[in-house]
Amino acid sequence: MTGEIGQLALALAFALSVVMAIAGLAGARETASPSRAIASSAAIGMFVFVALAFGALTYAFVTSDFSVLNVAQNSHTAKPMIYKITGVWGSHEGSMLLWVFVLAIYSLFIVFAQRGSARLTSAALGVQGLLACAFLLFILFTSNPFLRLDPMPFEGAGLNPLLQDPGLAMHPPMLYIGYVGLSAAFSYAAAALITGESNAAWARAARPFMLLAWIALTLGITLGSWWAYYVLGWGGFWFWDPVENAALMPWLIATALLHSALATERTGAFRSWTLLLAILGFSLSLIGTFLVRSGVLSSVHAFASDPTRGVYILAMLVAAIGGALALFAWRAPQLQGGTAFEPVSKESALLLNNVLLSAAAATVFIGTLYPLLLDAMTGQKISVGPPYFAITFAPIFVVLIALVPFGPRLGWRNGDWRAALRVLAPAFGIALVAVLAVLAFVTPRSLVAAMAFGLGLWTISAAGIDLAKRGDIRALPIGAFASALAHLGLGITLLGITGTTLWRSEALDLLKPGQTMPIAGYTLRLEGVQLLHGPNYLAERATVSVIANNRIIATMAPEKRAFPVEGQATAVTAIRTTGFSDLYLALGDQRGSGWVIRAYVSPLAPFIWFGGAFMALGGIASFWGRLRPRRVSEAKLAAAE
Amino acid sequence: MNPRKRRRLYFAAALLAAGAGGAVLVLGALKDNVLYFYSPSDITAKHVSPGVAFRIGGLVEKGSVSHGAHANVRFVVTDGRAAVPVEFHGVLPDLFREGQGIVAMGALNGTGTFDATEVLAKHDEKYMPPEVVDALKRSGRWKEGGT
């Protein structure tokens with residue numbers, strides 16, 4: 001029964017999304033207030049039915065209803081309850097439904113927040129309706145999660161064990177809140193172009209959505225990188241894998257968008273550019289989702305294996321991105337306004353920030369898509385790995401981070417760079433001391449590591465100075481902490497990346513029980529390997545004693561799990577962290593009576609994720625600051641205009 | 001020049017400079033830092049020089065795996081037409097088996113052995129890396145053609 005309810009709910013949601021699109025777009029005209037009311041009701045209705053469909057699929061998963069094909073392919077009765085629930089978005093079909101669900105939630109927010117003029121809201125709802133319409137069609141015709149399976153199998157095929165992990169369970173919803181949050185920015189931007197409301201109201205209206213999207217993307221990427229670190233057993237946190245890049249690109253553009261929109265709101269600068277970024281950000285989200293979900297990445301041929309899906313995806317990408325860009329090309333030149341600013345000013349700093357972030361996103365874009373393009377055109381198979389990104393992406397980001405501290409210290413329209421430099425002098429001093437100290441005391445001596453470490457401390461201390469100069473910290477509004485927290489996070493992450501990539505020690509050996517291997521001041525002794533039974537897996541668990549100064553200081557238990565149902569295996573690494581450094585063990589394959597053990601000591605590794613958390617906190621502070629004094633600041637901003 | 005025009009000019013100039021700089025970096029990087037994928041037969045056909053990093057893919061030849069001390073392992077990768085010996089020091093993927101498809105990253109040393117820095121096999125019994133399937137198909141077709 002649930003399958004039919006879900007199917008029906010999806011069909012009704014589709015019908016309502018058509019109504020929402022037509023009524024919303026019609027409501028962009030001044031006189032069409034009845035159709036604005038219809039668009040709002042349709043958005044609410046669509047949310048209800050998509051939620052119903054999502055609930056139906058979740059119910060089918062929770063009750064292990066294997067008469068639904070999607071459940072049979074991705075679930076199993078022996079799976080723990082939490083992974084039955086997260087299995088809902090573990091498949092292509094389910095994740096597309098999650099996408100539309102998040103889209104429906106954002107549309108509901110747009111209805112109830114009523115930010116910006118009625119015409120703007122209505123047009124934004126119309127564009128959201130178009131997106132929902134396209135996605136619901138895609139689900140109904142090519143990726144239906146409610147297809148029946150007859151005869152019903154006795155048992156399901158299980159979920160990919162790599163996905164049976166608490167970190168990864170929350171990762172897709174986070175990313176989707178981010179991806180789809182950018183759809184709201186996209187819709188408001190398109191609405192501004194459609195209505196021709198040339199003031200910056202759209203940017204103010206879309207700001208909370210941009211922030212939400214950015215916070216979620218930041219957390220989603222942080223979670224994903226943490227997951228890769230502790231599950232994959234390579235000790236790395238970022239592999240420049242196309243799937244990771246697919247999330248990084250929208251994040252880079254969303255970061256640029258947040259900064260550019262700041263200028264648009266305050267002084268009206270970069271109006272067209274901010275609109276373009278909002279369009280690009282969501283376009284990259286779309287490209288990212290489909291790169292990951294269509295199977296194009298793991299194999300270009302998977303694209304052709306389901307021609308309907310592939311063609312539909314391409315058509316949708318072209319329509320959404322091409323349509324929005326055409327709208328931009330047509331309407332943006334008519335937008336009036338904009339104000340002048342001096343070469344040294346906050347606007348210039350934000351401009352530089354945007355140029356660098358866009359360039360960084362472009363290098364990632366090329367590195368990700370070039371192999372696909374080359375394979376499609378010449379059949380030649382290449383992979384673009386870390387060396388490419390190390391010499392393209394890294395230099396751009398180094399320049400960006402070096403300049404970050406100046407932005408908050410420069411005034412709007414006309415800044416004084418000498419004054420900024422004077423204020424930031426102590427931070428520069430701290431960074432210089434750090435560079436010299438690293439060169440003097442850390443072996444192996446590396447100028448790159450010293451400079452990167454100094455750069456991290458420069459950003460961190462500059463963020464502290466910036467905050468201190470704003471006045472009494474207890475009296476500051478929460479919003480004032482936003483940029484300092486985010487920039488602080490950036491510096492902390494940079495320290496973590498420096499430590500993990502440049503100062504990491506690695507050891508790898510084949511150990512029989514009782515044998516030892518040394519790593520970075522510790523001695524590791526394999527005590528034994530036990531066989532254990534988990535709820536739906538068999539595990540080999542090694543017991544490893546960590547010895548320092550002839551004393552056992554800890555016992556660690558890296559594991560390997562074999563999932564008989566899925567016919568797959570995963571590693572569970574053992575990590576002992578002090579907060580400043582990680583000792584990291586992974587159990588490798590068995591050879592004769594010994595096991596391969598891989599060990600890393602990664603100084604500052606936890607900083608990577610602490611930094612991500614601080615960046616997200618910065619976003620949350622900004623969001624909070626926007627919500628609380630909304631009335632006051634909007635009145636003030638209106639008066640200023 | 002009015003301020004608006006001047007601002008646009010700055011913007012365009014900055015964008016152009018960043019674009020040009022980015023293009024130079026990207027083109028340089030793509031030229032030297034791309035890993036090509038070769039099957040064992042490609043290696044003999046294309047005369048890959050020692051020391052050049054690339055990815056190799058094929059099946060692990062039956063009976064070819066031998067373990068040395070300190071997690072060293074040697075095996076032979078084949079596509080049915082040509083075979084290349086591989087040396088590796090590290091953790092083998094969980095489903096590394098004889099007869100299974102793998103992809104390895106590394107470079108040839110002077111003696112024609114592939115020194116692998118990484119060995120990958122998707123964690124799935126049924127899964128075959130797409131490059132390997134392609135390489136096998138190509139060598140298979142070649143046999144069918146009878147040349």
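Just so it is clear: chains get the letters A, B, ... in the order the sequence lines come, proteins before strands, and each one is counted from 1. We use all heavy atoms of the structure for the numbers below, so side chains are in, but hydrogens, waters and symmetry mates are not.
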**Q** Given a strict heavy-atom distance threshold of 4.5 Å, which part of A/Trp595 is in contact with chain B: side chain, backbone, both, or neither?
**A** neither
**Q** Give the member of A/Pro387, A/Gly588, A/Ala359 that has the highest number of heavy-atom pairs under 4.5 Å with chain B.
**A** A/Pro387
**Q** Within the 4.5 Å heavy-atom criterion, are A/Arg591 and B/Val73 side-chain neighbours or not?
**A**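 Yes, their side chains come closer than 4.5 Å.
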**Q** In the structure I gave you, are the side-chain heavy atoms of B/Val91 and A/Leu508 within less than 4.5 Å of one another anywhere?
**A**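 Contact flag for B/Val91/A/Leu508 side chains = yes.
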**Q** Which bit of A/Ile366 is near chain B, if near means a heavy-atom gap under 4.5 Å: side chain, backbone, both or neither?
**A**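 Just its side chain gets close to chain B.
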**Q** Heavy-atom count check: over 12 atoms from other residues, nucleotides or ligands less than 6.0 Å from A/Tyr537 OH?
**A**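 Atom OH in A/Tyr537 is packed in, count exceeds 12.
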**Q** Sort B/His70 into side chain, backbone, both or neither according to what part of it lies under 4.5 angstrom from a heavy atom of chain A.
**A**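 Both backbone and side chain of B/His70 come within 4.5 Å of chain A.
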**Q** Checking A/Tyr370 against chain B: side chain, backbone, both or neither under 4.5 Å from a heavy atom?
**A**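 Just its side chain gets close to chain B.
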**Q** Out of A/Ile396, A/Asp509, A/Thr392, which one racks up the most heavy-atom pairs below 4.5 Å with chain B?
**A** A/Asp509
